[in-house]
Amino acid sequence: MTIFRCYNPHLQVDWVYAKAAKSLIDDKLIPASAFPDFSKETGFKAPQTHFIDNLTYDGTQPNAYINSFTIGLKQGDKL
């Protein structure tokens, strides 16, 4: 398994977190209301606007964040 597969929420069909949460719910140890709706959960946080550079970071579009900088190589650039 590659790191991409481990980290990419889109590829995680049965998240370990979701399985553990469902087990806690089934065992009546924690109410379901304490967890997100797993049928709608993407695994990504909402776009973050409080990064150190004050640029919005959306985990679903990491290249857009990189491309928002005025310096550095962008997609398609070559040295």
Side-chain angles (χ1 to χ4, degrees):
M1 181 175 288
T2 66
I3 189 67
F4 179 74
R5 174 134 177 121
C6 292
Y7 187 72
N8 188 341
H10 292 299
L11 300 177
Q12 297 295 326
V13 177
D14 292 314
W15 299 333
V16 172
Y17 172 75
K19 286 182 177 181
K22 289 174 185 176
S23 175
L24 292 168
I25 294 166
D26 292 344
D27 292 344
K28 298 186 182 348
L29 296 172
I30 299 179
S33 61
F35 298 99
D37 180 351
F38 294 112
S39 66
K40 297 178 183 175
E41 185 63 37
T42 65
F44 287 102
K45 290 182 178 182
Q48 304 293 303
T49 57
H50 296 90
F51 257 34
I52 58 173
D53 50 24
N54 285 328
L55 297 174
T56 300
Y57 177 75
D58 181 349
T60 64
Q61 300 177 355
N63 287 343
Y65 173 73
I66 292 169
N67 290 335
S68 69
F69 289 100
T70 56
I71 63 170
L73 295 175
K74 308 294 184 239
Q75 187 172 353
D77 288 350
K78 296 180 182 180
L79 292 176

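When reading the values below, keep in mind they use all heavy atoms of this one structure, side chains included, and skip hydrogens, waters and symmetry mates.
Rounding to the nearest 0.5 Å gives a distance of 12.5 Å between OH of Y65 and CG of D58.
At least one donor-acceptor pair closer than 3.5 Å links the side chain of Q48 to the backbone N or O of A46.
Partners of Y57 under the side chain to side chain donor-acceptor pair (under 3.5 Å) rule, at least two apart in sequence or in another chain, do not exist in this structure. Applying the side chain to side chain contact (heavy atoms under 4.5 Å, CB included) criterion to I71, with sequence neighbours excluded, gives no partner residue. In this structure N67 satisfies the side chain to side chain donor-acceptor pair (under 3.5 Å) test with no other residue, sequence neighbours excluded.
K74 and T70 get closest at one heavy-atom pair: NZ-C, 4.2 Å. Shortest non-hydrogen contact noted between F69 and L55 is CE2-CD1, 3.7 Å.
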Distance-only donor-acceptor pairs under 3.5 Å for side chains of residues 24-39, two or more places apart:
from	atom 1	to	atom 2	distance (Å)
D37	OD1	S39	N	3.1
D37	OD1	S39	OG	2.6
D37	OD2	S39	OG	3.4

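Alongside L79, the hydrophobic cluster contains L73 (criterion: ILVMFWY side chains under 4.5 Å).
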